[in-house]
Protein chains: 2
Amino acid sequence: MTVDDRRAWETVLAHIENDLLWGRLKPGDRLPGERALAADLGVGRSSVREAIRVLEVLGLVRTNVGSGPTSGAIIVALPGGGMSALMRLQVAAQGFPVADIVKTRLVLEAAVAAELAEAVLTAALHPDTANPDLGRCVQWLTAMDAPGLSEDEFLALDAAFHLSLAEACGNQVVIATMAGLRNAIEGYARAGVARLASWPDTSARLRAEHRGILAAIEAADPAGAHSLVHAHISGYYAETRLTAPAH
Amino acid sequence: MTVDDRRAWETVLAHIENDLLWGRLKPGDRLPGERALAADLGVGRSSVREAIRVLEVLGLVRTNVGSGPTSGAIIVALPGGGMSALMRLQVAAQGFPVADIVKTRLVLEAAVAAELAEAVLTAALHPDTANPDLGRCVQWLTAMDAPGLSEDEFLALDAAFHLSLAEACGNQVVIATMAGLRNAIEGYARAGVARLASWPDTSARLRAEHRGILAAIEAADPAGAHSLVHAHISGYYAETRLTAPAH
DNA sequence: CTAGACTGTGTGGTCAGACCACATGGTCGC
DNA sequence: GCGACCATGTGGTCTGACCACACAGTCTAG
């Protein structure tokens with residue numbers, strides 16, 4: 001009886017969100033076809049498509065054309081892409097100052113490192129608790145030691161290492177946020193490299209600092225890990241005088 | 001000459017993002033009309049609409065019907081809504097565990113409180129630096145002392161107070177993220193209140209803790225503010241045994 | 001001359017229908 | 001038995017149409 005003054009695509013979005021909340025849709029499930037959904041909700045197919053487009057950008061569904069069990073819109077719940085898109089566009093639209101992105105990354109990553117060190121400490125005191133898995137972090141560090149890496153390759157490995165710290169921590173929100181923060185200023189980071197006095201010196205220093213951070217974590221030194229990460233990130237951004245992107 | 005294998009709406013999105021990056025579009029500007037944009041980019045109007053819908057959900061534009069200078073899609077760059085939608089849906093789709101949301105909020109808000117205390121300290125040592133503006137925070141605390149508040153009203157004021165701390169800090173990324181985190185678990189928070197042993201006792205304790213946090217900040221005690229926030233948030237969520245939302 | 005009503009125009013919002021490329025799964029013919 | 005073939009259903013896209021809306025200029029009544 002009540003009128004629905006929402007826009008049609010909002011109706012669709014709310015319906016799908018409701019299905020998710022009630023468990024009628026789970027990751028791996030397929031959404032009904034666009035035509036069926038439109039008929040069920042009494043809206044046009046274009047409105048359904050707008051809602052699904054939003055879900056896709058937000059990292060909730062993946063769409064596939066064709067036929068068979070892998071076709072259609074499938075719930076995936078991968079927040080990384082959505083977070084990246086949001087932050088990248090907000091930086092572009094001047095809603096997110098680059099300085100704030102860097103500061104936030106600083107806070108989150110320092111906290112992650114401290115928490116990892118804390119977990120190592122806990123694992124040492126209580127043998128029944130598991131040590132955080134830092135294997136991936138070590139792998140990325142090793143890869144960064146390879147000679148002849150281009151600057152872009154090094155930056156990619158650097159990003160992978162920093163993200164692997166968050167992954168070792170296991171907090172999905174932090175993982176997605178860190179990925180988004182990093183992605184949002186990727187262009188700025190690449191431009192910053194050009195302003196460095198000496199890339200070989202800087203990359204060597206970065207590698208050493210990475211080893212130091214990992215050592216502090218493995219030594220169960222939360223405060224040390226925290227301050228080392230703080231110095232690592234703030235130092236790098238000060239050095240590159242991060243300001244404008246490389247168009 | 002090169003083929004564009006992107007989907008049509010991605011072309012539109014990329015075009016607008018490019019205009020933003022190059023400064024051809026700024027906050028306050030109006031996007032070209034949907035029909036004009038479609039013709040310019042050689043795509044259908046529906047594809048343009050899908051891209052604009054994404055921008056709207058991400059908090060980059062606000063759309064208005066009608067005519068005149070306020071009609072059409074206007075760049076606004078308000079990330080709060082987009083962050084909220086992303087996190088709320090990711091929680092619904094089980095991409096973000098509620099526990100991770102709470103943990104992240106803990107980390108961010110504790111860091112914010114510490115930074116505010118640090119700023120107070122800096123302002124005390126260097127008279128040329130400004131004190132953070134905590135006036136809004138005090139206003140919300142005062143409002144929370146009003147008698148006869150319903151639980152929902154109290155929760156709303158509580159959310160406003162916590163957000164005002166981030167606003168005092170001035171970091172746009174943290175402001176938007178905190179708003180999103182809070183919004184994502186709002187339903188869970190309301191459900192948690194029902195599991196409290198005594199709402200009057202809890203609300204009184206929360207008010208006292210808020211005062212304590214603010215006092216630590218104004219006393220330029222970063223470590224104290226950090227630990228008080230930590231205890232405040234983790235204590236509350238432990239007490240409400242935050243698990244399932246109120247359907 | 002002024003104030004109000006009126007209408008033209010351009011906006012986003014929505015729908016319906018059509019066509020395409022694609023991937024699958026069954027069927028038919030060898 | 002097996003490969004070629006085609007019917008089917010999917011998302012992706014475009015077109016055209018209509019609506020409600022809000023403004024701006026015009027027109028009319030006072």
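Predicted model only: the values in this text are computed from it and were never measured. Within every chain, numbering begins at 1; the chains are lettered A, B, ... in the order of the sequence lines, protein sequences first and strands thereafter.
Map B:P32 and A:S67 each onto its nearest nucleotide of DNA chain C; the residue landing nearer the 5' end is B:P32. Both B:R45 and A:S46 lie close to DNA chain D; mapped to their nearest nucleotides by heavy-atom distance, the more 5′-ward contact belongs to A:S46.
Contact check for A:R53 versus B:R53: no side-chain heavy atoms found under the 4.5 Å cut-off. Contact of the A:L60 side chain with the A:V76 side chain is not registered, since no non-hydrogen atoms from C-beta on lie closer than 4.5 Å. The shortest side-chain heavy-atom distance between A:Y237 and A:V98 does not fall under the 4.5 Å cut-off. Between A:L108 and A:R105, every side-chain heavy-atom pair lies at or beyond the 4.5 Å cut-off.
Two end axes, each from the C1' atoms of five base pairs, can be drawn for the helix from C:dC1-D:dG30 to C:dC30-D:dG1; they diverge by 30°, to 10 degrees.
Rounded to whole angstrom, the span from the CD atom of B:E50 across to the P atom of C:dG12 amounts to 16 Å. Here C:dT14 presents its P atom at 15 Å from CZ of A:R49, a figure rounded to the nearest Å. Atom pair B:R35:CZ and D:dG16:P shows a separation of 13 Å (rounding to whole Å applied). Nucleotide D:dC23 holds its P atom 11 Å from the CD1 atom of B:I74, rounded to whole Å. If you take CZ of A:R7 and P of C:dT14, they are 7 Å apart, rounded to a whole angstrom. In this entry the distance linking CG of A:L55 with P of D:dG11 reads 13 Å, nearest Å. The nearest whole Å value for the distance from the CG atom in B:L37 to the P atom in C:dG10 is 18 Å.
For A:E34, counting side-chain heavy atoms from C-beta on, the closest listed nucleotide (C:dC15, D:dA24, D:dG11) is D:dG11. Checking D:dC21, C:dT24, D:dC23 against the side-chain heavy atoms of B:P69 singles out D:dC23 as nearest. Here D:dC14 is the nucleotide among D:dC14, D:dG12, C:dT11 with the atom lying nearest to any side-chain atom of B:S47. Here the nucleotide nearest the side chain of A:R30, chosen from C:dT11, C:dT14, D:dT10, is D:dT10.
Minimum heavy-atom separation, B:L25 to B:R30: CD2-O, 4.2 Å.
With respect to B:R62 and B:E56, no salt bridge is recorded, no charged nitrogen being found less than 4.0 Å from a carboxylate O.
A:R62 comes within 4.0 angstrom of no nucleic acid atom, judged by non-hydrogen atoms across all strands. Among the heavy atoms of the strands lying under 4.0 Å from A:G66 is at least one base atom, whether or not backbone atoms are also near.
Judged purely by distance below 3.5 Å, without hydrogens or angles, the side chains of B:D158 and B:H210 pair a donor atom with an acceptor atom.
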